[in-house]
Amino acid sequence: MMNSSRERALIIMAHGSRRTEANEEFFNLVKKVGQTASGENGRYSLVLPALLEQAPPTLLEACRSLPDSITDIDVYPLFFNQGRHVEKDIPAQVAEVMDVLTDKNVQLLKYFGQSEGMAALVLDHIAEQTD
C-alpha cells in the first residue's frame with residue numbers, strides 16, 4: 001500500500017532498438033506492468049518506460065515527464081546480466097537524473113537477471129510451449 005503523503009513512480013529501463021516494433025513491444029510490457037503496479041492497491045502512482053539508447057525516451061526524459069507530485073522514483077533495469085550497461089551506463093544515467101532533479105528521491109533497483117525467480121520463470125515459459 002502506498003504512503004499517501006509520498007507518491008512513487010517506477011521507470012522500467014530496457015536497452016532500446018532502432019526497430020520501432022521492438023521498442024513498442026517493450027512499451028506494451030511496461031503498460032501491462034503499470035496496470036497492475038499502479039492499480040488501486042499498487043505501490044506506484046505511475047509506471048513508465050525508458051530506453052538506454054537507440055530511441056526515446058531516455059531515463060532523464062521519462063523522469064522529467066513525471067508529475068510534480070511524484071517524490072520517489074524507482075529505476076528498474078530490465079536486463080538479464082551485469083554487462084557494461086548494468087554496471088556503468090545505467091548508474092551514470094541515474095546519477096544524471098539525481099543531479100538534474102534534485103527534489104526527487106531516485107533509487108536504482110537490482111536488475112532483472114538477479115531475480116531469485118528467474119529459473120522458475122524460464123522453465124514456466126518453456127513448459128507453456130512444449131508438451
Side-chain angles (χ1 to χ4, degrees):
M1 186 72 77
M2 268 182 39
N3 179 337
S4 59
S5 65
R6 298 181 69 88
E7 288 193 47
R8 180 178 294 275
L10 174 64
I11 307 291
I12 301 176
M13 283 192 79
H15 186 273
S17 174
R18 289 184 185 98
R19 290 186 58 237
T20 301
E21 299 84 3
N23 294 329
E24 287 300 321
E25 185 177 9
F26 169 65
F27 297 153
N28 288 331
L29 171 63
V30 172
K31 183 177 179 180
K32 288 177 187 175
V33 170
Q35 289 169 345
T36 301
S38 64
E40 193 171 305
N41 295 318
R43 175 170 175 76
Y44 296 100
S45 299
L46 196 56
V47 178
L48 295 176
L51 297 172
L52 183 64
E53 54 189 32
Q54 307 296 336
T58 65
L59 179 59
L60 183 58
E61 290 168 344
C63 291
R64 279 186 164 152
S65 76
L66 293 169
D68 291 340
S69 59
I70 299 290
T71 56
D72 299 300
I73 303 169
D74 289 342
V75 178
Y76 182 63
L78 193 59
F79 286 73
F80 283 103
N81 46 30
Q82 189 173 359
R84 177 179 51 94
H85 292 319
V86 168
E87 189 175 311
K88 297 201 183 316
D89 299 337
I90 294 171
Q93 287 192 14
V94 169
E96 176 188 25
V97 169
M98 292 168 68
D99 286 345
V100 172
L101 303 177
T102 57
D103 60 330
K104 307 292 185 191
N105 298 309
V106 183
Q107 174 178 249
L108 177 57
L109 304 176
K110 292 179 181 178
Y111 64 93
F112 179 66
Q114 288 186 310
S115 170
E116 290 295 322
M118 181 67 81
L121 181 62
V122 169
L123 289 172
D124 286 348
H125 189 240
I126 291 168
E128 291 172 2
Q129 302 174 67
T130 59
D131 300 295

Trainee: What's the spacing between Leu108 CG and Ile11 CD1 if we round to 0.5 Å?
Mentor: 12.5 Å
Trainee: Using a 3.5 Å distance criterion without hydrogens, assess whether the side chain of Thr71 forms a donor-acceptor pair with backbone atoms of Glu7.
Mentor: yes
Trainee: Measure across Tyr44 and Ala9 and return the closest heavy-atom pair with its distance rounded to 0.1 Å.
Mentor: CD2-C, 3.4 Å
Trainee: Sorted by first residue and then second, give each salt bridge (Lys or Arg N to Asp or Glu O under 4.0 Å) pair with at least one member in residues 66-85; sequence neighbours left out.
Mentor: Arg6-Asp72, Arg8-Asp74, Arg84-Asp89
Trainee: Verify side chain to side chain contact (heavy atoms under 4.5 Å, CB included) between Leu78 and Val30, making sure each step is shown before the conclusion.
Mentor: CA-CA 10 Å; Leu78 193 59; Val30 172; over 6 Å; no
Trainee: Which heavy atom of Val86 sits nearest to which heavy atom of Pro91, and what is that distance?
Mentor: O-CD, 3.3 Å
Trainee: Give me the atom names and distance for the closest heavy-atom approach of Ser65 to Leu48.
Mentor: OG-CD1, 3.6 Å
Trainee: Looking at Glu116, I'd like to know if its CD atom is crowded, meaning that more than 12 non-hydrogen atoms belonging to other residues, nucleotides or ligands lie closer than 6.0 Å.
Mentor: no
Trainee: Report the residues that fulfil salt bridge (Lys or Arg N to Asp or Glu O under 4.0 Å) with Arg19, sequence neighbours left out, ordered by chain and then residue number.
Mentor: Glu21
Trainee: Of all the heavy-atom pairs spanning Leu52 and Phe79, show the shortest one and how long it is.
Mentor: CD2-CZ, 4.2 Å
Trainee: Calculate, to the nearest 0.5 Å, the distance between atoms CD and NE2 belonging to Gln93 and His85 respectively.
Mentor: 10.0 Å
Trainee: Can you confirm whether Gln107 is buried at CD, in the sense that more than 12 heavy atoms of other residues, nucleotides or ligands lie under 6.0 Å from that atom?
Mentor: yes
Trainee: Considering only heavy atoms from C-beta outward, does the side chain of Phe80 approach that of Met118 to under 4.5 Å?
Mentor: yes
Trainee: If we ignore hydrogens and angles and just use 3.5 Å, is the side chain of Lys104 paired with the main-chain N or O of Ile70 as donor and acceptor?
Mentor: yes
Trainee: For Arg18, enumerate each residue passing the salt bridge (Lys or Arg N to Asp or Glu O under 4.0 Å) test, keeping only those at least two apart in sequence or located in another chain.
Mentor: none
Trainee: Between Pro56 and Phe27, which heavy-atom pair has the shortest distance, and what is it?
Mentor: O-CZ, 3.7 Å
